[in-house]
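What follows is a short report on a single structure.
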Amino acid sequence: MKTEVIEQEISLNGNRKINIGVRGYPELKNILSKEAVVLGITISEHVENILLNKDVLLKEINNLKEETQALKEEVSKLRHLAIDLGNRLKGEIENGKNINTENEKINIEHHNLKSKMILKDEQVVLYSDKRLLGLFAQVKGLTVTIQTYEGPKKVTYDDPKDLLLAMIYSFKLKES
């Protein structure tokens with residue numbers, strides 16, 4: 001019966017707005033009124049917006065609840081991992097092992113990296129030598145055949161390194 005009355009009201013009024021009676025506490029009306037003033041609209045428009053957006057807001061609230069639950073689970077997992085890691089580290093410290101070994105490994109790795117850096121610096125100096133770069137500028141792009149101890153080899157000068165390798169392979173010591 002009520003549904004028929006509402007459908008009849010919709011067909012009679014079309015797009016015109018009708019009054020909806022809502023009972024509430026005076027404090028609620030005061031809150032809604034203040035919010036409407038801040039938004040620069042009437043209390044009627046404010047309540048209408050709230051009612052029109054309720055489905056979207058409910059969906060958003062449910063999404064946020066799901067996200068919150070997922071984040072709580074993630075925090076719980078991370079908390080357990082942190083506790084396990086803390087217990088393991090505490091055990092290792094109490095046993096007095098692993099700290100010195102890790103420190104030694106880091107020192108060895110540091111030394112190895114430092115050696116590699118020195119070697120790379122030497123290569124940079126060699127490949128940026130002015131005489132090598134000057135010779136390379138004269139032969140850049142050329143392809144030549146050089147005689148190596150393994151036989152003839154074709155070399156294209158695309159890089160100063162190619163010129164240096166060709167010089168090394170074609171070098172012969174003078175026999176005295």
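We use all heavy atoms of the structure for the numbers below, so side chains are in, but hydrogens, waters and symmetry mates are not.
Thr156 contributes atom OG1, which lies 5.5 Å from atom CG of Asp158 (distance to the nearest 0.5 angstrom). Between the CG atom of Leu85 and the CG atom of Leu78 there is a distance of 11.5 Å, given to the nearest 0.5 Å. Note: Leu135 CG to Lys140 NZ = 14.5 Å, rounded to the nearest 0.5 Å. To the nearest 0.5 Å, atom NZ of residue Lys130 and atom CG of residue Leu132 are 13.5 Å apart. Rounding to the nearest 0.5 Å gives a distance of 7.5 Å between OG of Ser33 and NZ of Lys29.
Looking at Lys161 and Asp159, no side-chain N of the basic residue comes within less than 4.0 Å of a carboxylate O on the acidic one, giving no salt bridge.
Side-chain heavy atoms closer than 4.5 Å link hydrophobic residues (I, L, V, M, F, W, Y) into clusters, and following such links, even through other members, never connects Ile41 to Val37. If you chain together hydrophobic residues whose side chains sit under 4.5 Å apart, Leu28 and Leu39 never meet in one group. Hydrophobic clustering (side-chain heavy atoms under 4.5 Å, transitive across Ile, Leu, Val, Met, Phe, Trp, Tyr) groups Leu142 together with Tyr169. Ile146 and Ile168 fall within the same hydrophobic cluster, where Ile, Leu, Val, Met, Phe, Trp and Tyr residues are linked whenever their side-chain heavy atoms come under 4.5 Å apart, directly or through other members.
The hydrophobic cluster containing Ile20 also includes Val22, under a criterion of side-chain heavy atoms closer than 4.5 Å among ILVMFWY residues, counted directly or through chains of members.
Looking at heavy atoms from C-beta onward, Val144 lies in side-chain contact with Tyr157 at the 4.5 angstrom threshold.
The minimum heavy-atom distance linking Leu163 with Phe136 is given by the pair CD2-N, 3.4 Å. In this structure, Thr145 and Pro152 approach most closely via the heavy-atom pair CG2-CB, 3.8 Å. Closest of all the heavy-atom pairs between Asp162 and Val155 is O-CG1, 4.0 Å.
Although no hydrogens or angles enter the test, the distance criterion places a donor-acceptor pair under 3.5 Å between the side chain of Thr68 and the main chain of Leu64.
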Output side-chain donor-acceptor pairs under 3.5 Å for residues 43-54, partner residues at least two apart or in another chain, one line each.
residue : atom : partner : partner atom : Å
Glu45   : OE1  : Thr42   : N            : 2.9
Glu45   : OE1  : Thr42   : OG1          : 3.3
His46   : NE2  : Glu35   : OE1          : 2.7
Glu48   : OE1  : Lys17   : NZ           : 2.9
Glu48   : OE2  : Lys17   : NZ           : 3.2
Asn49   : ND2  : Glu45   : O            : 3.4
Asn53   : ND2  : Asn49   : O            : 3.0

